[in-house]
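Everything on this sheet refers to the single structure shown next.
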Amino acid sequence: MSIEISKIYSAKEIEDKWYSYWIEQNYFHSEPDSREPFSIVIPPPNVTGVLHMGHMLNNTIQDVLIRRARMKGKNTCWVPGTDHASIATEAKVVQMLREKGIKKSDLSREDFLKYAWEWKEKYGGIILEQLKKLGASCDWQRTRFTMEPKLSGAVTDVFIDLFEKGMIYRGLRMVNWDPQGKTALSDEEVIYKEVNSKLYFIRYKFSGDENSSFITIATTRPETILADTAVCVNPNDERYNQFIGRTVLVPFINRPIPIIADEYVAMDFGTGCLKVTPAHDINDYALGQKFNLPIIDILNDDGTLNEKCEVEKYNNKDRFAVRKQIAIDLEDGGFIQKIEEYKNQVGTSERTGAVIEPRLSLQWWVDMKKFMAKNPQVLDSVMNDEIKFHPAKMKNTYKHWLENIKDWCISRQLWWGQRIPAWYDSKGNFVVAKTIDEAISKFKVQGLKVEESEIKQDEDVLDTWFSSWIWPISVFDGFDDKSNKDINYYYPTNDLVTGPDIIFFWVARMVMSGYEFKQQKPFNNVYFTGLIRDKQRRKMSKSLGNSPDPLELIEKFGADGVRMGMLLCSPAGNDILFDESLLEQGRNFSNKIWNAFRLIKGWEIKPDSQFDLELLKSNQISAQWFDNRLDEILNDIENKFSDYKLSEALMAIYKLIWDDFCSWYLEMIKPNFGDPINQSTYTKTIELFEKLMKILHPFMPFVTEEIWQNLDSRKKGESICIASYPNINTSKVNSENNLERAFETISKIRELRNKNGISPKTSFEISVKTNEEKLYKPYEFLIKKLANISSIVYAEGASKSNVLAVATDQVFVELNIQLDVDAEKGKAIQEIKYLEGFLQSVDQKLSNAKFVENAKPELIEKEKQKKLDAEIKMALLKSKLNKL
RNA sequence: GGGAGCAUAGCUCAGCUGGUUCAGAGCAUCUGCCUUACAAGCAGAGGGUCCUUGGUUCGAAUCCAUGUGCUCCCA
């Protein structure tokens with residue numbers, strides 16, 4: 001068989017083969033039963049999106065958690081799905097229509113939605129298909145979409161419920177306006193970016209004194225002067241307080257505006273004079289309210305200026321075009337004092353990237369303070385670790401946000417999404433109701449008589465996050481049927497895996513909705529991944545083009561290789577500095593395992609009776625040693641998992657397989673070329689290999705399945721996916737085996753060979769001087785085999801110079817080697833020096849009365865032992881030095 | 001401007017309640033090997049003032065303070 005197995009592991013066909021098999025066998029589907037549940041809801045990716053590096057990491061982690069739980073006998077359910085991403089999707093549909101020559105404004109809402117659904121059916125959900133390539137073991141039969149009827153119904157119900165509880169209101173407030181998406185955004189959807197801009201210093205002349213005097217204001221947005229309704233100075237500012245109450249003229253349009261005074265104005269910024277534009281700045285709006293200033297809104301919803309700007313040539317021109325033009329015009333008019341380079345933070349839309357305009361607008365809001373007052377567990381449960389964050393330091397960010405929480409703007413001026421269930425009569429009265437009939441009766445209750453034809457539903461839709469915040473409940477239809485068997489069984493879910501950038505979008509709001517609607521937390525653990533960056537620490541982004549195509553990477557390194565490579569270097573909360581070499585490591589590991597498999601499968605097996613005892617005994621020792629080692633590491637892995645240290649758990653299994661299993665164990669039991677292996681060792685090795693594959697399976701599902709299937713004869717329907725995870729064997733067999741000295745001897749001999757250019761093929765004799773022959777005798781066979789030693793005697797050897805220090809023993813290499821005496825001497829002297837220092841520090845400690853008094857007794861014992869060992873080593877070194 | 005976090009080998013990171021079995025791991029580097037499982041490999045090796053300066057302590061990578069540098073969040 002061995003001859004036919006390829007030297008190189010080829011992931012491609014193996015991965016496709018097993019994924020289809022898993023789906024065929026329906027291993028990933030879950031129904032409630034008597035077992036303990038283990039559930040994860042996927043943080044729904046954008047339906048229009050494609051898989052990117054962040055998704056790969058995120059979903060690999062979820063898959064590891066799910067697969068492990070599945071093997072541990074839990075009834076696991078990983079619910080996949082997508083959200084409808086109103087702005088992003090609508091933008092894409094609008095663009096598609098534009099390419100067809102259709103304007104959105106020419107379409108009715110219904111027609112537009114028809115196109116949108118068509119688009120979604122065609123392109124939506126690509127990302128879910130891509131997740132399959134990664135090996136994600138989602139319950140695909142449970143795939144949900146935030147806009148499907150049931151989930152939309154839940155969203156509407158939640159809106160109505162919160163409105164009736166007084167936690168949703170409609171209000172005119174300053175919002176973040178996205179002029180490209182033509183919609184309001186919540187604060188969380190605004191991304192601040194530092195940009196290089198200009199600070200314009202503009203003169204405002206005094207009314208009635210136009211020729212001689214003026215004051216100067218500084219602004220980065222000169223086009224907004226056309227909406228100014230005041231100039232404000234600090235009353236304590238001696239430069240200006242004489243002017244308070246006077247009137248200045250807005251340049252160009254000569255609108256007279258008052259000079260007002262407020263301590264809000266920073267005297268040291270710009271000129272100390274602030275132009276007040278209540279319609280286009282949040283702080284100015286507050287000032288406007290305070291001083292009862294008029295509000296002049298000069299912007300259209302698409303970011304162009306309207307007729308209120310009073311300058312005809314700016315009318316219908318984009319704000320940025322006007323900014324350029326007005327700078328020139330002001331300069332020409334002699335209004336510019338100077339222009340400085342200036343760096344400032346500009347808000348941009350998370351979805352469209354457009355520069356946000358603060359804009360006064362009537363929107364729907366969730367009253368977050370009220371919400372939190374009712375649900376203090378939202379903060380408490382995280383702070384007291386009822387919901388555990390990994391890493392815990394994310395609790396700070398969470399706390400800070402909740403303690404400074406602002407109302408949530410949930411209406412969006414879009415069509416793609418759940419339409420707000422508010423109904424208006426012709427006079428502007430409104431009710432909130434699920435259907436028009438309910439609305440009519442609610443109007444009636446208020447004593448308003450309305451006809452159906454007079455009523456209009458709100459034109460806006462709800463924020464997508466208003467769908468996803470209830471996702472852990474809604475995917476189990478927990479609103480539709482409040483105590484159905486799914487929600488009762490799977491909720492609260494176990495883990496949520498997400499990026500730190502959406503701690504507010506998802507984590508915080510899911511916790512909020514969990515307590516409000518289920519009176520229960522939505523998940524027990526939150527695992528925060530890091531962000532994927534490139535080697536220069538830049539975030540991966542489309543515009544930089546520094547994001548590799550995940551599918552190409554899977555093609556190149558195998559899904560297992562990609563998963564392993566990414567996970568190995570990403571502790572929770574730490575960013576990954578992505579580089580393909582990481583994935584190479586993963587691919588190499590697949591290959592390593594593959595070759596171990598090839599080796600084992602290539603052996604010819606003969607009954608134990610045909611082997612001599614020494615070999616049988618040695619193989620037995622080897623197997624017992626590795627068996628114990630495996631248990632030790634398995635225990636370690638358990639601990640790491642309970643701390644969610646996934647990358648460390650993976651590293652532990654990596655080293656267990658590569659170093660302990662391949663480099664040591666297999667070499668220990670490997671028959672000489674062409675020789676057969678004895679039956680019992682073979683059987684044991686298969687058993688051990690199988691265990692290793694199971695432990696690794698959650699991380700690298702494909703290669704482990706392929707090997708597992710071939711290690712033994714399997715029946716149809718069997719799979720490592722549903723095999724049981726190894727238990728730690730508490731009853732250690734023959735754990736008195738201590739191979740440490742033997743291993744050290746082997747390593748030291750190899751080192752000697754390396755240093756002196758002695759071929760591994762040259763065998764020689766060694767003499768061991770030790771008080772503990774039992775640490776060598778049982779393992780002679782192994783030492784001879786792995787270090788190519790011809791014979792071992794227990795005595796002081798003849799060799800004067802080739803003496804290896806193995807712990808406190810001496811190993812004499814009986815071989816004539818031309819030693820570099822000076823180098824050896826130097827090395828010995830150096831070691832003696834180190835030991836002297838070491839001894840000194842130990843002595844100091846032991847002679848320190850306070851140390852002896854305060855330190856634990858076992859610590860003092862340790863120190864004494866250290867002293868003894870060091871003294872023996874020192875004596876050995878000194879005698880070696882003398883001989884040299 | 002407000003808040004939080006981080007600083008340990010060339011790189012990415014472990015180091016819990018202080019005690020040289022705590023100065024570690026992987027990758028990278030270097031040396032020697034095409035040894036019939038694997039060169040996507042084997043056997044070895046080198047490499048760190050644990051950011052600075054103080055303090056607490058018998059004892060500090062670990063605790064405290066200061067400074068410096070970086071990152072993130074919020075406005």
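Quick note on labels: first sequence line is chain A, next is B, and so on, each numbered from 1. What you see is a predicted model, and the numbers here were worked out from it, not measured in a lab.
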Please check the phosphate of B/C72 (OP1 and OP2 only) for any side-chain N or O of A/W401 closer than 4.0 Å. no
When we call it a touch if two heavy atoms are under 4.0 Å apart, what does A/K393 touch: a base, just sugar-phosphate, or nothing? sugar-phosphate
Base partner of B/G19, which must satisfy Watson-Crick or wobble distances under 3.5 Å: B/C58
Any chance you could measure A/S747, atom OG, to A/L804, atom CG, to the nearest 0.5 Å? 11.0 Å
Closest approach to the side chain of A/T397, judged atom by atom: which nucleotide of B/A37, B/C13, B/C73 is it? B/C73
Would you mind pulling out the nucleotide paired to B/A45, Watson-Crick or G-U wobble, both distances under 3.5 Å? B/U29
Looking only at the side chain of A/D659 (C-beta and beyond, no hydrogens), which of the listed nucleotides B/G26, B/A45, B/C38 gets closest? B/G26
Can you check the A/W664 CH2 to B/C38 P distance for me, whole Å? 20 Å
For a quick check of understanding: with a heavy-atom distance under 4.0 Å over all strands, which category does A/S581 fall into, base, sugar-phosphate or nothing? nothing
Which part of the nucleic acid, if any, lies within reach of A/N396 when heavy atoms closer than 4.0 Å are counted: base, sugar-phosphate only, or nothing? sugar-phosphate
Would you indicate what A/K655 reaches in the nucleic acid, counting non-hydrogen atoms under 4.0 angstrom: base, sugar-phosphate, or nothing? sugar-phosphate
Between B/G55 and B/U62, how many Å separate the two C1' atoms, rounded to a whole number? 15 Å
Taking the C1' atom in each of B/U66 and B/C51, what is the distance between them to the nearest angstrom? 13 Å
Heavy-atom nearest nucleotide on RNA chain B taken for A/V190 and for A/F589; more 5' hit belongs to A/F589
Check A/F557, A/W594, A/F589 against A/Y9 for a ring-ring contact (aromatic ring centres under 6.0 Å, His included) and give me the one that passes. A/W594
Tell me which nucleotide, if any, is Watson-Crick or G-U wobble paired with B/G1 when both distances must be under 3.5 Å. B/C74
Please state the C1' separation for the pair B/G59 and B/C6 - nearest whole angstrom. 27 Å
B/A37, B/G44, B/G26: which one has an atom nearest the side-chain heavy atoms of A/Q585? B/G26
Indicate whether OP1 or OP2 belonging to B/C72 is found under 4.0 Å from a side-chain N or O atom of A/R533. yes
Just call it for A/R537: base, sugar-phosphate, or nothing, with non-hydrogen atoms closer than 4.0 Å on any strand. sugar-phosphate
Does B/U68 pair with anything, Watson-Crick or G-U wobble, both distances under 3.5 Å, and if so, with which nucleotide? B/A7
Mind calculating the distance between CG (A/L583) and P (B/G26) to the nearest angstrom? 19 Å
Does A/A649 offer a backbone N or O that forms a donor-acceptor pair with the side chain of A/Y654 under 3.5 Å? no
In whole angstrom, give me the gap between the C1' atoms of B/U31 and B/G47. 15 Å
Partner nucleotide of B/U36 by Watson-Crick or wobble geometry (both distances under 3.5 Å): none
Any ion pair linking A/E584 and A/K556 (charged N to carboxylate O, less than 4.0 Å)? no
Classify the nucleic acid contact of A/Y654 as base, sugar-phosphate or nothing, counting any heavy atom under 4.0 Å across all strands shown. sugar-phosphate
Working for side chain to side chain contact (heavy atoms under 4.5 Å, CB included), residues A/I356 and A/V346: CA-CA 8 Å; A/I356 294 302; A/V346 171; over 6 Å; no
For B/C42, take OP1 and OP2 only and decide whether either is under 4.0 Å from a side-chain N or O of A/K592. yes
Scan A/K748 against the nucleic acid and name what it touches under 4.0 Å (heavy atoms): base, sugar-phosphate only, or nothing. nothing
May I ask you to establish whether A/R509 and A/W408 are in a cation-pi arrangement, using a distance under 6.0 Å from NZ or CZ to the six-membered ring centre and at most 45° from the ring axis? yes
Ranking B/A45, B/A25, B/U35 by distance to the side chain of A/E751, first place goes to B/A45
May I have the distance from A/Y192 (atom OH) to B/G1 (atom C1'), rounded to whole angstrom? 14 Å
C1' atoms of B/C38 and B/C50, separation to the nearest Å: 38 Å
Using atom P in both nucleotides, what's the gap between B/C74 and B/A9 to the nearest angstrom? 31 Å
Distance, C1' atom - from B/A14 to B/G48, rounded to whole angstrom: 15 Å
What is the distance, rounded to the nearest whole Å, between atom CG of A/N574 and atom P of B/C70? 19 Å
In whole angstroms, how far is the P atom of B/A14 from the CG atom of A/L568? 13 Å
Atom CE of A/M668 and atom P of B/C42: how far apart are they, to the nearest Å? 17 Å
Heavy atoms only, 4.0 Å cut-off, all strands: where does A/S747 land among base, sugar-phosphate and nothing? sugar-phosphate
Base B/A37 paired with A/E667 side chain (donor-acceptor, <3.5 Å): yes
Answer yes or no: is there an ion pair linking A/R221 with A/E357, defined by an N-O contact shorter than 4.0 Å? yes
Does A/I576 reach a base, just sugar-phosphate, or nothing at all? Heavy atoms under 4.0 Å. nothing
Expressed in angstrom and rounded to an integer, what is the separation of A/F389 atom CZ from B/C73 atom P? 16 Å
Side chain of A/H400: nearest nucleotide among B/G3, B/A14, B/G41? B/G3
Whole-angstrom distance between B/A65 and B/U71, as gauged at atom C1': 23 Å
Smallest heavy-atom separation, A/L782 atom then A/S622 atom, equals CD2-OG, 3.7 Å
Would you say A/K755 reaches B/A43's phosphate, i.e. side-chain N/O to OP1/OP2 under 4.0 Å? no
Write down the distance between NZ (A/K640) and C1' (B/C16), rounded to a whole number of angstrom. 13 Å
Any idea which of B/A14, B/G44, B/C27 is nearest the A/R750 side chain? B/G44
Ring-face cation of A/R629 near A/W658 (centre distance under 6.0 Å, axis angle within 45°): no
Check every strand shown and say whether A/D575 touches a base, only sugar-phosphate, or nothing at a heavy-atom separation below 4.0 Å. sugar-phosphate
Nearest-nucleotide pick for A/N588, side chain only, options being B/A37, B/G32, B/G41: B/G41
Which nucleotide in the set B/G44, B/A40, B/C73 lies at the smallest distance from any side-chain heavy atom of A/N754? B/G44
Please confirm whether the shortest side-chain N or O distance from A/S663 to OP1 or OP2 of B/A43 is below 4.0 Å. yes
Using a heavy-atom cut-off of 4.0 Å across all strands, would you classify A/R587 as base, sugar-phosphate, or nothing? base
Give one of base, sugar-phosphate or nothing for A/K645, where a contact means two heavy atoms less than 4.0 Å apart. sugar-phosphate
State which of B/A37, B/G26, B/A75 makes the closest approach to the side chain of A/D187. B/A75
Scan A/E584 against the nucleic acid and name what it touches under 4.0 Å (heavy atoms): base, sugar-phosphate only, or nothing. nothing
Quick one: do A/R173 and A/D407 make a salt bridge, cutoff under 4.0 Å? yes
